[in-house]
Amino acid sequence: MREQYSPPDVERDAQAFWDERHAFRAKEDPAREKFYCLCMFPYPSGRLHMGHVRNYTIGDVISRYQRMRGKNVLQPMGFDAFGLPAENAAMANGVPPAKWTYDNIAYMTRQLKSLGFAIDWSRELATCQPEYYKWNQWLFLRMLEQGIAYKKTGVVNWDPVDQTVLANEQVIEGRGWRTGALVEKREIPMYYLRITAYSEELLRELDRLPGWPERVRLMQANWIGRSEGVRLAFPYSLDGRDEKLWVFTTRADTLMGVSFVAIAAEHPLALRLARDRPELKKFIDECRAGGVTEAELATQEKKGVDTGFVVRHPLTGAPVPLWIGNYVLMSYGEGAVMGVPGHDERDFAFALKYRLPIVQVIDVEGNPYDKTQWHERYAEKTGVCVNSGKYDGLDYKRAVDAIAADLATKGLGEKQVQWRLRDWGISRQRYWGCPIPIVHCPKCGTVPVPDDQLPVKLPEDLVPDGSGNPLAKHQDFVRCACPKCGGGARRETDTMDTFVDSSWYFLRFASSGNDDAMVDARANYWMPVDQYIGGIEHAILHLLYSRFWTKFMRDLGMVNVDEPFANLLTQGMVLNQIYSRKEGARVVYFNPADVEVAVDGASAKLKSDGKPVDMGGLGTMSKSKNNGVDPQIMVERYGADTVRCYMMFTSSPEDTLEWSDASVEGSARFLKKLWKRVHEHVSQGAAPALTVASLDANQKKLRQKTHATRQKIGDDIGRRLKLNTVVAASMELLNAVSDFNDASSQGRAVVQEALDTLVACLSPITPHICHELWLALGHPDPVIDARWPEPDRSALVSDMISLVVQVNGKLRGNIEVPAQASQDEIISAALAEANVQKFVAGQALKKKIVVPGKLVNLVV
RNA sequence: GCCCGAAUGGCGGAACUGGUAGACGCUGGGGACUUAAAAUCCCCUGGCCACAGGCCGUGCAGGUUCGAUUCCUGCUUCGGGCACCA
């Protein structure tokens with residue numbers, strides 16, 4: 001064993017050892033309990049960033065731990081390789097997205113390998129490979145057959161100058177990012193996946209995912225958004241025909257307080273009325289301005305226009321004015337809402353603005369109603385109906401029931417369950433994605449590409465120029481023969497949302513290399529994923545789409561699981577300081593590595609010119625803020641183990657991590673110290689066997705610490721997934737070994753056990769150094785094949801326990817009592833303590849609380 | 001605007017089921033070793049006071065409890081998501 005710790009040598013040797021043995025290649029084995037550990041695969045953006053390193057280190061720690069627990073572990077890796085950044089890079093550099101992407105994958109694969117992750121690289125995949133995306137297309141065709149995929153119009157951001165569809169990300173403050181033109185909404189035909197067919201199950205099964213964080217389940221439940229209410233109709237006559245305008249409401253009890261009905265600008269009735277009303281047309285056109293995100297729609301000023309048209313109240317037949325409102329969403333419910341200003345905050349503001357009547361129809365006891373000032377209790381469901389004729393005095397539930405029943409007898413309404421979840425639009429007017437396997441034939445119409453013509457291959461040599469999809473201009477791709485009639489036809493040039501690619505990659509890892517089927521029986525061995533790890537930013541979309549996709553494949557009989565991910569760990573973001581300076585009109589950002597911070601931490605200057613820079617606080621590491629830390633540089637400076645150790649130590653997986661160059665030193669020191677201790681120990685020769693019965697008090701104490709550490713670390717990795725305290729507990733044990741000066745034979749035996757424990761427990765986090773130290777400690781087999789060190793219960797018990805004594809809840813002293821002391825013995829020991837006596841003397845004891853093993857509280 | 005989180009010393013964080021607030025580490029200060037430096041090792045490091053001890057202290061304001069960082073109510077600030085970034 002070398003005297004000095006040299007990370008490059010240690011890491012090279014350990015990685016070569018694992019590679020030669022294919023140590024992490026996973027084989028299906030029904031006789032063994034499996035553990036499928038998966039990290040969200042990266043987008044190949046160029047280089048790994050710290051968020052990746054954190055994510056994959058967490059996964060690696062869990063994988064290596066489960067392997068030591070005897071599980072058959074699968075940990076695969078791949079690349080989510082389609083997407084917008086490749087097209088942007090292509091435009092900037094004139095390189096086709098395919099080349100850029102594959103170069104990035106090659107570089108990032110090397111980076112991942114240098115970090116020593118226990119990955120089965122034989123299963124690697126990239127979603128831009130035809131062997132992969134062929135199955136996107138194949139399953140899409142199955143969805144078409146089943147009516148799960150269908151075509152309808154959808155709204156997109158449109159750049160009127162570039163004549164192109166923009167992603168939400170490409171809309172900056174309402175303008176196209178390249179042209180600066182004001183963005184408009186535009187309706188185009190798109191393919192949709194009927195995820196709403198699974199609303200009920202997607203919601204219900206959340207309760208059967210105890211291994212998911214509560215907040216993620218809550219977010220998904222709210223996203224799916226089940227609400228019970230009443231669908232009801234306001235009748236009207238137009239063009240001599242009697243029609244019904246349907247609305248959905250959760251507050252049917254307020255129906256008698258309706259003072260207007262508002263419909264979305266895209267509502268068919270709005271478009272019909274606008275035909276002969278130019279001012280309505282003008283308002284509808286105004287509503288076209290701006291982007292399509294919900295955040296933008298929800299924060300814009302609420303505006304409306306009176307159509308002059310009236311509909312009739314479903315119960316009273318009274319005329320109700322019809323408005324068009326920019327805040328009414330066509331995509332939710334019926335695209336129309338009833339306006340009850342008395343009991344809905346938005347309607348109240350709208351009514352004040354446009355001087356519409358505000359009528360109180362619910363009385364919440366003891367609260368006078370003020371028509372000039374909204375109060376949130378007006379919207380409570382706790383009152384009873386007033387000013388509502390026959391419904392007066394009914395509470396929420398009774399009123400809804402009575403009104404729904406009356407509506408039903410008139411054929412103007414019924415109770416209904418409404419969902420917030422919308423179908424998933426997957427068409428993208430972009431090049432670098434999976435082609436949608438459809439052909440448009442002038443004779444046969446829309447024709448699906450037959451299975452035997454899959455995959456529809458994406459040409460890999462095009463370079464986009466920002467004006468629309470280059471596929472549409474590429475005649476070799478567009479021109480094709482109709483699969484039905486053989487005549488000339490046009491290929492669909494829209495590609496699929498990249499969320500499609502990531503909705504089933506976990507199944508493909510488990511059926512790696514099968515060219516004849518999307519998945520096979522191996523998937524049923526590995527699924528579900530036992531531990532899924534990824535950023536909290538994916539809490540809704542990716543996870544919901546993957547759940548839906550898995551359920552559809554289950555319904556086709558392709559897999560036998562209902563849910564893809566049994567346990568979910570959502571890791572926090574990695575943040576770093578942001579430094580900037582105004583140079584002329586623009587703000588320039590500086591990398592923290594180029595900035596020197598004053599000792600007091602209050603000011604900073606640029607190293608190159610010594611001039612001050614502004615400290616902009618913490619932000620996620622990003623290119624635009626230039627605050628990324630390159631993991632590669634850290635690995636070269638300290639070694640992979642130190643980077644991994646620091647990442648795990650500095651905050652718990654679910655919390656945000658604030659990067660600090662200085663703190664990395666602490667982890668480096670710790671590993672150096674560990675190396676030194678082991679070297680000192682083994683250089684004195686093999687330690688004798690441990691004879692537990694012969695240990696003295698001091699030796700027993702270290703042994704107790706060793707086994708307490710085993711218990712804590714096993715629990716922290718196996719149950720709590722708190723990896724920061726694993727490192728802290730290891731540091732404590734190493735400190736205890738350092739403080740233990742006993743060269744006797746049993747002293748050395750106790751130290752051997754402590755060091756064995758340390759090296760084995762740390763091996764999931766810092767696998768390279770532990771690989772070498774384990775062999776140096778005299779073990780014939782590598783630590784990856786070692787059994788996880790379980791605590792010896794008998795080593796944990798001690799004869800005396802220390803208790804805290806409180807008086808009136810305040811700490812006043814400590815006592816030592818025998819472990820088996822009775823309640824009375826404990827209380828008299830507590831009362832005997834000098835400082836305690838000061839506080840209880842001369843006062844009557846009202847209450848004596850003894851918490852076993854913890855404390856005594858005396859109330860006087 | 002809506003949904004979901006978070007807030008603890010100079011700093012990152014710990015305290016798991018309501019029971020000793022500040023484990024572990026960083027920074028800073030003091031010391032040892034050294035010709036010197038680096039490295040290493042030891043000690044101190046939440047605030048205040050009448051300093052063998054006491055009082056205050058976990059974003060803010062209340063509440064429940066023998067006891068609250070932990071539970072409840074109302075705020076503030078920061079972060080994630082909002083369906084075409086991935």
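Proteins come first, then strands; the chains are lettered A, B, ... in the order of their sequence lines, and each starts at number 1.
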For this session: Determine which bases of RNA chain B form Watson-Crick or G-U wobble pairs with both distances under 3.5 Å, and write the result as a 5' to 3' dot-bracket string with | for other-strand partners.
Result: (((((((..(((......[....))).(((((.......))))).((((...))))..(((((..]....))))))))))))....

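Along RNA chain B, the nucleotide nearest to A/Lys302 and the one nearest to A/Leu166 differ in position, and the one closer to the 5' end is contacted by A/Lys302.
Side-chain polar atoms of A/Gln4 and A/Ser6 form no donor-acceptor pair below 3.5 angstrom.
The aromatic rings of A/His52 and A/His49 sit parallel to each other, their planes meeting at less than 30°, with 60° as the upper class boundary. By the 30° and 60° cut-offs, the orientation of the rings of A/His542 relative to A/Tyr532 is tilted.
Set against B/rG80, B/rA14, B/rC66, the side chain of A/Ile849 has B/rC66 as its closest nucleotide. Relative to the side chain of A/Ala728, the nucleotides B/rG19, B/rC24, B/rC85 differ in distance, and B/rC24 lies closest.
No option in A/Phe79, A/Tyr505, A/Phe506 other than A/Tyr505 meets the ring pair (Phe, Tyr, Trp, His ring centres under 6.0 Å) test with A/Phe41.
Here A/Ser652 lies in heavy-atom contact (under 4.0 Å) with sugar-phosphate atoms only. Among the protein residues, A/Met731 comes within range of the sugar-phosphate backbone only, with heavy atoms under 4.0 Å from sugar or phosphate atoms but none that close to a base.
Side-chain N/O atoms of A/Asn222 and base N/O atoms of B/rC3 include no donor-acceptor pair closer than 3.5 Å.
A sub-4.0 Å separation between OP1 or OP2 of B/rA52 and a side-chain N or O of A/Asn835 is absent. For B/rG13, the OP1/OP2 oxygens have no side-chain nitrogen or oxygen of A/Ser651 closer than 4.0 Å.
At whole-Å resolution of the value, CG in A/Asn808 and C1' in B/rC66 are 8 Å apart. B/rA15 atom C1' lies 12 Å from atom CG of A/Asn724, rounded to whole Å. Across the protein-nucleic acid pair, A/Leu811 atom CG and B/rG54 atom C1' stand 12 Å apart, rounded to whole Å.
Here the side chains of A/Val727 and A/Cys645 are in contact, with some heavy-atom distance below 4.5 Å.
Salt bridge status for A/Lys705 with A/Glu732: present, with a side-chain N to carboxylate O gap under 4.0 Å.
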